[in-house]
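Structure record follows, encoded as structure tokens.
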Amino acid sequence: FSYASMILPSNDAFVSNGNPKAHRVFSAEGKFFPVLVESTGDMALDGGTEVNDEIPENTAFFGQTVPDTGVDENGVVILHPGFNKKGSGGILDDPEFAKADFTKKGYDFMEI
């Protein structure tokens with residue numbers, strides 16, 4: 001079972017599994033069996049596609065109205081360092097996302 005999902009709001013944060021065989025959902029006989037997949041903040045990845053400026057016009061689900069508005073980063077996928085600190089005018093300063101600091105220990109943000 002493979003999965004990938006963008007973390008919203010963000011510039012290019014996402015979560016995915018690196019091993020498509022880590023979560024087996026069928027037996028050798030082809031019988032489906034359910035599996036619980038959970039993801040915590042320490043598993044968040046940075047796509048490296050654009051700078052994490054968190055400017056609303058550049059940030060998905062935070063004010064961006066057209067694609068490809070962010071500053072190219074030309075990077076590689078790395079662990080995400082987290083949103084910009086409170087007081088920077090970014091995501092964590094918006095009251096709707098004030099508790100969205102996924103870098104806090106044990107922060108759960110996905111369950112399938």
Between Val77 and Phe14, is there a side-chain heavy-atom distance shorter than 4.5 Å? yes

Shared hydrophobic cluster, Val71 / Ile55 (ILVMFWY, side-chain heavy atoms < 4.5 Å): no

Do the two ring centres, one from Phe102 and one from His80, sit under 6.0 Å apart? yes

Point-to-point distance, once rounded to the nearest 0.5 Å, from CZ of Phe61 to CD of Glu96: 6.0 Å

Please state whether the rings of Phe109 and Tyr107 are parallel, tilted or perpendicular, taking 30° and 60° as the class boundaries. tilted

Just wondering, do Val25 and Phe32 contact through their side chains at under 4.5 Å, heavy atoms? yes

Approximate separation, where rounding is to 0.5 Å, of Glu38 CD and Ile112 CD1: 10.5 Å

Please tell me whether Ile7 and Leu45 are part of a single hydrophobic cluster in this structure, the criterion being side-chain heavy atoms less than 4.5 Å apart. no

Between Ser2 and Asn17, the two heavy atoms sitting closest are CA-OD1, 3.4 Å

Scan side-chain atoms only and decide if Asn52 and Asp46 contain a donor-acceptor pair under the 3.5 Å cut-off. yes

Any link between Val35 and Phe26 through a network of hydrophobic side chains (Ile, Leu, Val, Met, Phe, Trp, Tyr) touching at under 4.5 Å? yes

Could you check whether Thr69 and Glu57, counting side-chain N and O atoms only, form a donor-acceptor pair closer than 3.5 Å? no

Would you say Glu29's side chain and Lys31's backbone share a donor-acceptor pair under 3.5 angstrom? no

Checking Leu36 against Glu111 for the side-chain contact (heavy atoms from CB on, under 4.5 Å) test, could you report, in this order, the C-alpha distance in whole Å, the side-chain angles of both residues, the deciding distance, and whether it holds? CA-CA 7 Å; Leu36 177 64; Glu111 185 175 295; 3.3 Å; yes

Evaluate the side-chain proximity of Asp68 to Glu50: yes if any heavy-atom separation is below 4.5 Å, no if none is. no

Determine whether Phe83 and Glu54 make a side-chain contact, defined as any pair of heavy atoms from C-beta on separated by less than 4.5 Å. yes

Test item: Asp93 and Ile91 side chains (from C-beta on) under 4.5 Å apart, heavy atoms: no

Can you give me the closest heavy-atom contact between Ser27 and Arg24, atom names plus distance? C-NH2, 3.5 Å

Do the side chains of Ser39 and Asp108 get nearer than 4.5 Å, heavy atoms only? no

Hydrogens and angles aside, do Asp53 and Asn11 bring a side-chain donor and acceptor to less than 3.5 Å of each other? yes

Which of parallel (below 30°), tilted (30 to 60°) and perpendicular (above 60°) describes His23 and Tyr3? tilted

Any heavy-atom pair between the side chains of Leu92 and Asp101 that's under 4.5 Å? yes

Is there a path of hydrophobic side-chain contacts, each under 4.5 Å between heavy atoms of I, L, V, M, F, W or Y residues, that connects Leu8 with Val15? yes

Step-by-step side-chain contact (heavy atoms from CB on, under 4.5 Å) determination, Thr40 to Met110: CA-CA 7 Å; Thr40 55; Met110 185 192 80; over 6 Å; no

For Thr49, run the side chain to side chain donor-acceptor pair (under 3.5 Å) check against Asp12, Asn74, Asp72 and tell me which one passes. Asp12

